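Quick notes on the structure that follows.
Quick caveat, the model's predicted, so the values are computed rather than measured. Order of listing sets the numbers, starting from 1, for every ligand and every atom in it.
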Amino acid sequence: AALAGVVEYRNVTFAYPGAESPVLSNISFTARPGQTIAIIGSTGAGKTSLLSLLPRLYDPAEGQVLLDGVPVDRLDRAEITKRVALVPQRPYLFSGSIGHNLRFGKTEATDQELWDALRVAQGESFVREKKNGLDSRISQGGTNVSGGQRQRLCIARALVTKPRVYLFDDSFSALDVATDARLRAALKRTTSDATVIIVAQRISTITEADQILVLDNGRIVDRGTHEELLETSPTYQEIVES
Ligand code: CTP
Ligand code: MG
């Protein structure tokens, strides 16, 4: 199908403009619809940089990033945005109503669609508790909501666009373990045919991933399921124990 949502990184090497050494070296993996791929690694390992290449915030120096078999530099940015939702590590809310913020990527979304997305993102109750619901005001930068509420609103914003591919950059870190687990279970139900790539800090967030990529210093040093990596990857064991 033309809109399947298969993501492939093929021997990707990337350096930031003006930098001497690459932050990503020879990255290859495939993420298919229905799969969850997790990326784990220490701070500065290159996780955010890796995600940024799919929506073309940057283009790699070498290798290719493909979406449904097509190199993304041959796709229109608007077309990529329609298919790929990136929930950034520091998600941004702007001054305006909650509804306005949630409709950022899809202005024609109905209130019902917003509530459905909020329910999955575990954000329904705190929005319902506000006197003005979806019309409640968010201040510039989202300073009048908590970090966890902001993350949930930004996850809901991504759900509203109904993309084929979700990129979650450390999107669950500000949530308590129970909310994190509920949110991911709900996500799994509603996004069961989408491609999901999750960057995470907490092991519990990713133990059920179909494949975990262990990133170290810009390279994939190990890959496998949680159980496989516990057996085979010293780097993964270190992360688990930390
Ligand atoms: N970097 C850079 N220019 C940027 C962003 C990042 O030179 N605009 C560098 C960082 O200094 C780091 C490397 O690229 O050495 C990887 O950064 P990043 O991909 O952001 O690392 P993460 O694995 O996402 O780190 P964290 O867990 O802290 O989010
Ligand atoms: Mg990061």
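- For A45, the heavy-atom gap to ligand 1 drops under 4.0 angstrom.
- Per-residue contacts place S49 under 4.0 angstrom from the following atoms of ligand 1 (heavy atoms of the residue considered): 16 (C), 17 (O), 18 (P), 19 (O).
- Residue Q89 has at least one heavy-atom neighbour below 4.0 Å for each of these atoms of ligand 1: 26 (P), 29 (O).
- When heavy-atom distances to ligand 1 are checked against a 4.0 Å cut-off, V23 comes that close only through its side chain, counted from C-beta outward.
- Side-chain atoms of S173 and Q201 include no donor-acceptor pair closer than 3.5 Å.
- The closest side-chain donor-acceptor pair between D180 and T205 falls under 3.5 angstrom.
- For the residue pair R219 / N26, no side-chain donor-acceptor distance below 3.5 Å is found, with atom types taken as modelled.
- In the displayed structure, E108 atom CD is contacted under 6.0 Å by more than 12 heavy atoms of other residues, nucleotides or ligands.
- Inclusion of K47 in the set of residues having an N or O under 3.5 Å from an N or O of ligand 1 is warranted.
- With Q122 as the partner, the side chain to side chain donor-acceptor pair (under 3.5 Å) test is satisfied by one option alone out of R182, R152, Q151: R182.
- Summary of contacts: the protein heavy atom closest to atom 2 (C) of ligand 1 is Y16 CD1, 3.3 Å.
- T235 pairs with exactly one of I40, L215, V214 by the side chain to side chain contact (heavy atoms under 4.5 Å, CB included) rule, that one being V214.
- In the model, D210 has no side-chain atom that pairs as donor or acceptor with a side-chain atom of T36 under 3.5 Å.
- Judged by distance alone, the side chain of E113 and the main-chain N or O of T110 form a donor-acceptor pair under 3.5 Å.
- Taking every heavy atom of G44 and a limit of under 4.0 angstrom, the matching atoms of ligand 1 come to 12 (C), 13 (C), 16 (C), 21 (O), 22 (P), 23 (O), 25 (O), 26 (P), 28 (O).
- The contact set between ligand 1 and Q201, taken as ligand atoms under 4.0 Å from a residue heavy atom, comprises 27 (O).
- Between OG1 of T48 and OE1 of Q89, the angle at the Mg ion (ligand 2) works out to 90°, rounded to 10 degrees.
- Put simply, atom 17 (O) of ligand 1 has protein non-hydrogen atoms near it, under 4.0 Å away.
- Applying the 4.0 Å criterion to heavy atoms of T48 picks out, from ligand 1, the atoms 19 (O), 20 (O), 22 (P), 24 (O), 29 (O).
- Using a 4.0 Å threshold on non-hydrogen atoms, atom 10 (C) of ligand 1 does not count as touching the protein.
- A donor-acceptor contact closer than 3.5 angstrom links the side chains of S95 and R137.
- The nearest non-hydrogen atom to atom 26 (P) of ligand 1, considering only L24, T43, I40, comes from T43.
- Ligand 1 has G46 within reach: a non-hydrogen atom of the residue lies less than 4.0 Å from it.
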